[in-house]
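Notes for the one structure printed next.
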Amino acid sequence: MRHKFIPLFALTISAASAFSGCSGSKTVSSAVDPAPITPQSIVFDWQKPFENKLREFMASDQFKAEAGSGIGASMFDLRDLTGDGIPELMISPDTDHGTPCQIYTYSDGALSSLGETGDYGMFSFLPALRMVSDEYQGTGFTIGKYLGFENGELVPVMTYSDNTASAATGAVIVHEINGEEVTLPEFDAALEEYRSSPSCNMGRKYTFGEEAVSYAVYCSESWGAVLTPTQKQCYRDLLTAAYEESQQTGTDAGFELCDLNADDVPELIISEGTFDGASCKIYYINGDEAVQLDGSYGSDGRLGLDIAQSVFYAYGATENTYWSLTDSSFSAADYTSSGSTMECGRKYLLTPETIETALI
């Protein structure tokens with residue numbers, strides 16, 4: 001169902017300063033823009049197999065359906081890990097120590113497993129390198145590996161181990177790369193490319209509520225096709241400016257296209273980083289312009305979204321802060337989660353490459 005922005009929404013925006021607009025030299029004439037389309041009308045071959053796998057998991061003994069924020073419950077994620085333009089499906093059974101993520105891929109008309117990796121139901125992904133980091137820190141030692149995707153499998157690219165933390169006990173210090181002992185400078189040099197590459201945690205973006213499954217599979221990867229050329233340019237200009245600012249400040253900015261008000265047109269969320277106090281800016285499309293919501297939102301550069309109720313929120317140490325763009329009578333005191341929630345704001349690390357990827 002399509003919703004209009006309610007009057008309350010307009011009242012919370014500075015009338016003069018809210019409109020960001022687009023760069024005049026880059027604006028595409030709206031006369032040539034196609035008619036509006038819905039994300040559900042964009043069909044990909046992988047969608048039904050992914051939905052079937054999610055429902056198969058929900059019917060299994062591994063599925064945990066705790067209500068609430070999703071802590072401890074089963075969750076899942078969609079993201080293109082391999083760089084082929086098709087997202088992978090990641091299923092996180094729970095958040096117990098020792099629980100890996102299950103990763104599935106779709107190619108040549110079939111769904112297949114890429115294997116399992118991670119701990120506590122999630123894993124670290126290095127988008128720029130298309131690699132997974134798998135590290136374990138024990139008492140006085142660290143072992144780890146970086147894995148890549150090759151021929152439909154998750155395969156080790158580099159392994160390493162180090163027991164420098166045992167120096168105080170008098171242990172013999174050994175550094176190893178791919179099973180061979182190396183000096184500390186050689187060890188650090190071998191890992192520099194990987195350790196300096198930005199990473200993000202994967203696996204626990206969506207709960208298993210009906211609306212969350214539907215949104216993830218049938219909407220989340222379609223926004224680039226839903227937006228018109230003019231709308232894409234508006235968002236591209238904003239993202240480019242935010243990227244240039246992040247280069248100046250050195251922050252790990254991120255962004256995401258996400259429908260916060262169920263009108264089938266995505267809002268743009270720009271996250272300034274993951275540091276304490278980092279917030280998000282939110283923009284929406286109004287005609288041929290991008291309009292910024294007055295103020296900043298989120299915590300640690302992220303937002304939560306109740307997809308079924310179009311309520312978004314910031315996580316707090318003792319309580320959350322809630323907003324609605326569709327219900328003028330919304331009261332946080334009366335709000336109860338639908339169980340169909342997601343984390344949003346940092347699907348992409350902010351780079352020139354990811355801007356184009358998101359707006360294809």
**OP:** Quick one: closest heavy-atom pair of Asp134 and Gly118, and the distance?
**Re:** OD2-N, 4.4 Å
Original post:
Would you say the side chain of Thr82 lies within less than 4.5 Å of the side chain of Glu88, judging by non-hydrogen atoms?
Top reply: yes
Subject >> From CA spacing to verdict: side chain to side chain donor-acceptor pair (under 3.5 Å), Thr169, Ser166 >> reply: CA-CA 6 Å; Thr169 67; Ser166 297; 4.7 Å; no
Original post:
What's the shortest heavy-atom distance between Ser222 and Pro39, and which atoms?
Top reply: OG-O, 3.6 Å
Original post:
Side chain of Thr354, backbone of Thr357: donor and acceptor closer than 3.5 Å?
Top reply: no
Subject >> Side chains of Leu78 and Ser220 in contact at under 4.5 Å (non-hydrogen atoms) >> reply: yes
**OP:** Apply the test side chain to side chain donor-acceptor pair (under 3.5 Å) to residues Tyr104 and Gln102: give CA-CA distance (whole Å), side-chain angles for both, the deciding distance (0.1 Å), then the verdict.
**Re:** CA-CA 7 Å; Tyr104 299 90; Gln102 305 167 10; 3.2 Å; yes
Original post:
What do you reckon, is NZ of Lys347 surrounded by more than 12 foreign heavy atoms closer than 6.0 Å?
Top reply: yes
**OP:** Measure across Pro93 and Pro100 and return the closest heavy-atom pair with its distance rounded to 0.1 Å.
**Re:** CD-O, 3.5 Å
Original post:
Between Lys232 and Glu356, is there a salt bridge with N-O shorter than 4.0 Å?
Top reply: no
Subject >> Closest non-hydrogen atom pair between Asp306 and Thr336, with its separation >> reply: OD2-O, 4.3 Å
Original post:
Counting only N and O atoms by type, is there a donor-acceptor contact under 3.5 Å from the side chain of Lys205 to the main-chain atoms of Glu343?
Top reply: yes
Subject >> Result of checking Val157, Thr105, Val132 against Phe149 for side-chain contact (heavy atoms from CB on, under 4.5 Å) >> reply: Val132
Original post:
Any sub-3.5 Å donor-acceptor pair from Ser246's side-chain atoms to Tyr243's backbone N or O?
Top reply: yes
Subject >> Member of Trp223, Phe125, Phe255 meeting the ring pair (Phe, Tyr, Trp, His ring centres under 6.0 Å) criterion with Tyr348 >> reply: Phe255
Original post:
Counting distance only, does the side-chain N/O of Glu153 pair as donor-acceptor with the main-chain N or O of Glu150 below 3.5 Å?
Top reply: no
Original post:
Does the pair Glu51 and Tyr218 meet the rule for a side chain to side chain donor-acceptor pair (under 3.5 Å), with working shown?
Top reply: CA-CA 9 Å; Glu51 181 186 6; Tyr218 295 104; 2.5 Å; yes
**OP:** Count the heavy atoms of every other residue, nucleotide or ligand shown that sit under 6.0 Å from CG of Asp188, and state whether that count exceeds 12.
**Re:** yes
**OP:** For Thr249 and Thr251, run side chain to side chain donor-acceptor pair (under 3.5 Å): C-alpha distance rounded to whole Å, both residues' side-chain angles, the deciding distance at 0.1 Å, then the answer.
**Re:** CA-CA 6 Å; Thr249 59; Thr251 54; 3.0 Å; yes
Original post:
Could you walk me through whether Cys200 and Arg79 pass the side chain to side chain contact (heavy atoms under 4.5 Å, CB included) check?
Top reply: CA-CA 11 Å; Cys200 49; Arg79 193 78 58 90; 4.2 Å; yes
**OP:** Go through Phe141 and Asp162 one step at a time and tell me if the side chain to side chain contact (heavy atoms under 4.5 Å, CB included) criterion holds.
**Re:** CA-CA 6 Å; Phe141 70 94; Asp162 171 55; over 6 Å; no
Original post:
Are Tyr313 and Trp323 close enough that their ring centres sit under 6.0 Å apart?
Top reply: no
**OP:** May I ask whether Met342 and Leu325 are part of the same hydrophobic cluster, defined by side-chain heavy atoms of I, L, V, M, F, W, Y residues being less than 4.5 angstrom apart, directly or through others?
**Re:** yes
**OP:** Take Ser92 and Thr99, measure what side chain to side chain contact (heavy atoms under 4.5 Å, CB included) needs, and give me the verdict at the end.
**Re:** CA-CA 8 Å; Ser92 170; Thr99 297; 5.6 Å; no
Subject >> Between Phe208 and Phe63, ring centroids under 6.0 Å >> reply: yes
**OP:** Give the C-alpha distance, both sets of side-chain angles, the deciding distance and a yes or no for side chain to side chain contact (heavy atoms under 4.5 Å, CB included) between Leu239 and Ile270.
**Re:** CA-CA 8 Å; Leu239 288 167; Ile270 301 180; 4.0 Å; yes
Original post:
Between Ser214 (side chain) and Glu210 (backbone), is there a donor-acceptor pair under 3.5 Å?
Top reply: no
Original post:
Would you say the side chain of Glu193 lies within less than 4.5 Å of the side chain of Leu129, judging by non-hydrogen atoms?
Top reply: yes
Subject >> Pairwise side-chain contact, Asn261 with Glu267, heavy-atom cut-off 4.5 Å (strictly under) >> reply: yes
Original post:
Using 30° and 60° as the class limits, which term best fits the ring planes of Phe76 and Tyr206: parallel, tilted or perpendicular?
Top reply: parallel
Subject >> Nearest atoms (heavy-atom pairs only) where Ile37 meets Ala225 >> reply: CD1-O, 3.3 Å
Original post:
Between Lys64 and Asp96, is there a side-chain N and carboxylate O pair less than 4.0 Å apart?
Top reply: yes
**OP:** Could you tell me whether a side-chain N or O of Asp252 sits under 3.5 Å from a main-chain N or O of Gly273, the two making a donor and an acceptor?
**Re:** no
Original post:
So, the side chain of Ser41 versus the backbone of Thr38: is there a donor-acceptor pair under 3.5 Å, distance only?
Top reply: yes
Subject >> Sub-4.5 Å side-chain heavy-atom contact between Thr95 and Arg204 >> reply: yes
Original post:
Got Tyr146 and Leu126 here, is their nearest side-chain heavy-atom distance under 4.5 Å?
Top reply: yes
Original post:
Between the side chains of Gln247 and Glu245, is a donor N or O closer than 3.5 angstrom to an acceptor N or O?
Top reply: no
Original post:
Taking the six-membered ring for Trp, are Tyr335 and Tyr322 parallel (under 30°), tilted (30 to 60°) or perpendicular (over 60°)?
Top reply: tilted
Original post:
Judged by atom type as modelled, is there a donor-acceptor pair below 3.5 Å linking the side chain of Gln231 to the main-chain atoms of Thr228?
Top reply: yes
Original post:
So do Tyr160 and Ile143 actually touch side chain to side chain, heavy atoms under 4.5 Å?
Top reply: no
**OP:** Heavy atoms only: give me the nearest Ile355-Arg236 pair and the separation to one decimal.
**Re:** CG2-CG, 4.0 Å
**OP:** Return the orientation label for the His97 and Tyr120 ring planes: parallel under 30°, perpendicular over 60°, tilted otherwise.
**Re:** tilted
Original post:
Any luck finding a side-chain donor-acceptor pair between Glu135 and Thr142 under 3.5 Å?
Top reply: no
Original post:
Between the main-chain N or O of Gly345 and the side-chain N or O of Glu256, is there a donor-acceptor pair closer than 3.5 Å?
Top reply: yes
**OP:** With the side chain counted from C-beta on, respond yes when Tyr315 and Asp300 share a heavy-atom pair under 4.5 Å apart, and no when they do not.
**Re:** no
Original post:
Checking Asp259 side chain against Ala262 main chain: does a donor-acceptor pair fall under 3.5 Å?
Top reply: yes
Subject >> Residues Glu56 and Asn52: side-chain donor-acceptor under 3.5 angstrom >> reply: no
